[in-house]
Asker: 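I am attaching a structure below and will ask some questions about it afterwards.
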There are 2 protein chains.
Amino acid sequence: MSLSHRVPDLGALELLLAVARHGSLGRAARDVGITQPAASSRIRSMERQLGVALVDRSPRGSRLTAAGALVTDWARRVVEAAEAFDAGAQALRDRRDSRLRVAASMTIAEYLLPGWLIALRAERPDTAVSLRAGNSTAVAAGLLAGEADLGYVEGLAVPEGLDAVVVAHDRLVVVAAPSHRWARRRAPLTPAELAATPLVLREYGSGTRQVLDAALAEYGGLADPLLELASTTAVKAAAVTGAGPAVLSELAVTEELASRRLVEVPVEGVHLHRALRAVWPTGPLPTGPARDLLSLARG
Amino acid sequence: MSLSHRVPDLGALELLLAVARHGSLGRAARDVGITQPAASSRIRSMERQLGVALVDRSPRGSRLTAAGALVTDWARRVVEAAEAFDAGAQALRDRRDSRLRVAASMTIAEYLLPGWLIALRAERPDTAVSLRAGNSTAVAAGLLAGEADLGYVEGLAVPEGLDAVVVAHDRLVVVAAPSHRWARRRAPLTPAELAATPLVLREYGSGTRQVLDAALAEYGGLADPLLELASTTAVKAAAVTGAGPAVLSELAVTEELASRRLVEVPVEGVHLHRALRAVWPTGPLPTGPARDLLSLARG
DNA sequence: AGAGACTCATAAATTCAGTTTATGGGGTCA
DNA sequence: TGACCCCATAAACTGAATTTATGAGTCTCT
């Protein structure tokens, strides 16, 4: 039986958050745009489904139970992920007649832009944003061709013809499954060790790989990869199942590190750090919606 | 119009992930337990809803489009949050006749345990886990009374009568809204500055507050709080809206930091670090399911 | 070249869950 | 005590997602 049969749907989770906010089923119902009986029945069936009482009903309102508070926090994380999904999807959808066209590298589009777009929508609700994902070269080409208003890149250098400002930092981390021997090391890895070990990596040309190549060049360069995979997710999956150590953006593995499906392996003496930059065609700072988005995230 | 009208439901997102995995609508359908036409129609309506083509259908299978790959990654994050919800809820539900009863402090129960429980279920699918959340004292009492088999605490000291092992580390971070003046500082805060400034904090008695009090004791102790709130989420919300700087567990604010709704303010010379420990009644290491869970996450 | 196995799309009937409208019971405050 | 808030229940309705049944296209193997 799959997840969707054991987890309430998004509407129910939103309703639960609304109940937590308002302290009343009826007001929560109005907030999410349904009637009070509908809310009552929905919360009730959610409690049946989870087998736990979530709210204490009283004639002067409803308060979360202790279990309800815990469940609400988990629900909040699901809803936040859904908001990020929505922000990204909306950007993707509005590609036609949009007013702000953003081009971004994969890591940024995946992990950071959705959050920024939520914030942008909170401040400028009627800004329609479109999003295109590609590597640095594609982002630069899009900007110079006038097909995008603002770009985000993660490479080492700023592409020719663009101005840039650092908006965030990213660190590459070496990760391994908890069962891997590197996970039990006390001493940090030396760069030479890292360079000499076959790793699970993104395919050649990715931003991650560029930085890693540059950092390890003086230590004899990267060994031939153990596996070369096409997506960050595939690399993570391979590392989790113990195929071998991998090097990935910190942004991509926070979840796995927190839940200990992966363990970070410290490395000494190498700069596996990279700046994430906003870029635009050489000239004055962007204006209008691009400026708004830019000012939300400044490194 | 609320989120749930713009975001596909969890079943649809799971289906999309299955399509990405299998490269075929039909096989994905079998994977999630529906028929092929249902999958076809579901993906189609998801594409209508998002206004973007997600998969390239061909007579020998379906591959994600570029936009589809991006959407799938966002979908994966929603599904992962839902899995964490499920793991937590399941633990909560099975509190009656369960074989492994866990008691944990709030931060750990909220942010770490769901991930560990997912991992545990992957290895030992038929272990029923129950979860109780409370402060260190409650966790200790539960263990000593034989009402819990394994505990997790985040205080500074190990409660009397318990043995402990460090399973993870947590760092307290000072955060502020991007509009706050601290967000623009170049120089790190001094401990004295931090101690002298009224902050948004959890109420007295929380683990976070304990550590902070201890660390700043020698600098004159904590100033009277700006706001004292009952939950981590409330503190975050207050900080995001610019009420003032807050001090929170790193685990609780990764999302906000990544999306730049909050900015970390560096502090020099104070140990805002705390160990997260697994605890059990003094004596031999736990055995059985408790040992399994313990071995998943070892600091 | 034709048979079989695979792919996905379409159509019509069915089923089921969630909703609204309407009502009732219980508590609180002037 | 009457007005107003809270929530629960019942019954009818609505609509969306599903299943079964079918068709059409492509590739492979004989």
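Hydrogens, waters and symmetry mates play no part in the numbers below; they use all other heavy atoms, side chains included. Residue numbers start from 1 in every chain, and the chains themselves are labelled A, B, ... in the order their sequence lines are given, proteins ahead of strands.
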Asker: Using a cut-off of less than 4.0 Å, is there contact between a side-chain N or O of A/Ser62 and OP1 or OP2 of D/dC7?
Answerer: yes
Asker: Specify the separation, in whole Å, of atom CD1 of B/Ile43 and atom C1' of D/dA17.
Answerer: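 Whole-Å distance recorded here is 14 Å.
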Asker: Does OP1 or OP2 of C/dC8 have a side-chain N or O of B/Ser24 closer than 4.0 Å?
Answerer: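 B/Ser24 to C/dC8 OP1/OP2: side-chain N or O found under 4.0 Å.
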Asker: Tell me the interatomic distance from B/Leu15, atom CG, to D/dT18, atom C1', rounded to whole angstroms.
Answerer: 13 Å
Asker: Whole angstrom is fine here: how far is it from CD in B/Gln36 over to P in D/dA21?
Answerer: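 Rounded to whole Å, this separation is 15 Å.
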Asker: May I ask you to evaluate whether A/Arg27 reaches the phosphate of D/dC6, defined as a side-chain N or O under 4.0 Å from OP1 or OP2?
Answerer: yes
Asker: Of the options C/dA9, D/dT9, D/dT18, whose atoms approach the side-chain atoms of A/Pro37 most closely?
Answerer: D/dT9
Asker: Students often mix this up, so state it plainly: with edges at 30° and 60°, are the rings of A/Trp116 and A/Tyr152 parallel, tilted or perpendicular?
Answerer: tilted
Asker: Hey, are B/Arg121 and B/Glu83 close enough for a salt bridge, meaning a charged N less than 4.0 Å from a carboxylate O?
Answerer: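 No salt bridge links B/Arg121 with B/Glu83.
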Asker: What integer distance in Å separates B/His22:NE2 from C/dT7:C1'?
Answerer: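 So the NE2-C1' distance, B/His22 to C/dT7, works out to 15 Å.
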Asker: Give a yes-or-no answer on whether the side chains of B/Asp9 and A/Ser4 include a donor-acceptor pair shorter than 3.5 Å.
Answerer: no
Asker: Would you mind reading off the distance between A/Met46 atom CE and C/dG18 atom P, rounded to a whole angstrom?
Answerer: 11 Å
Asker: To the nearest Å, how far apart are A/Arg57 CZ and D/dC6 P?
Answerer: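 Rounded to whole Å, this separation is 15 Å.
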Asker: Could you tell me whether the phosphate oxygens of C/dT28, OP1 or OP2, come under 4.0 Å of any side-chain nitrogen or oxygen in A/Arg60?
Answerer: yes
Asker: Can you tell me if A/Arg44 touches the phosphate of D/dT9, counting only side-chain N or O atoms and a distance under 4.0 Å to OP1 or OP2?
Answerer: yes
Asker: Does C/dT7 have OP1 or OP2 under 4.0 Å away from a side-chain N or O of B/Ser58?
Answerer: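 No, outside the criterion.
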Asker: Using heavy atoms to find the nearest nucleotide of DNA chain C for A/Ile34 and B/Leu25 separately, return the residue whose nucleotide is more 5′.
Answerer: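 Whichever sits nearer the 5' end wins; that is B/Leu25.
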Asker: CZ of A/Arg48 versus C1' of D/dA8: gap in Å, rounded?
Answerer: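 Atom-to-atom, A/Arg48 to D/dA8, this comes out as 14 Å.
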Asker: Strictly distance-based, threshold 3.5 Å: is any side-chain N or O of B/Thr65 a donor or acceptor partner for the main-chain N or O of B/Leu54?
Answerer: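 Yes: the side chain of B/Thr65 pairs with the backbone of B/Leu54.
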Asker: In whole angstrom, give the distance that lies between atom CZ of B/Arg30 and atom C1' of D/dT19.
Answerer: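 From B/Arg30 CZ to D/dT19 C1': 16 Å.
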Asker: Considering only NZ, NE, NH1 and NH2 on the basic side and carboxylate oxygens on the acidic side, decide whether B/Glu47 and B/Arg57 come within less than 4.0 Å.
Answerer: yes
Asker: Does A/Ser40 put a side-chain nitrogen or oxygen below 4.0 Å from OP1 or OP2 of D/dC7?
Answerer: no
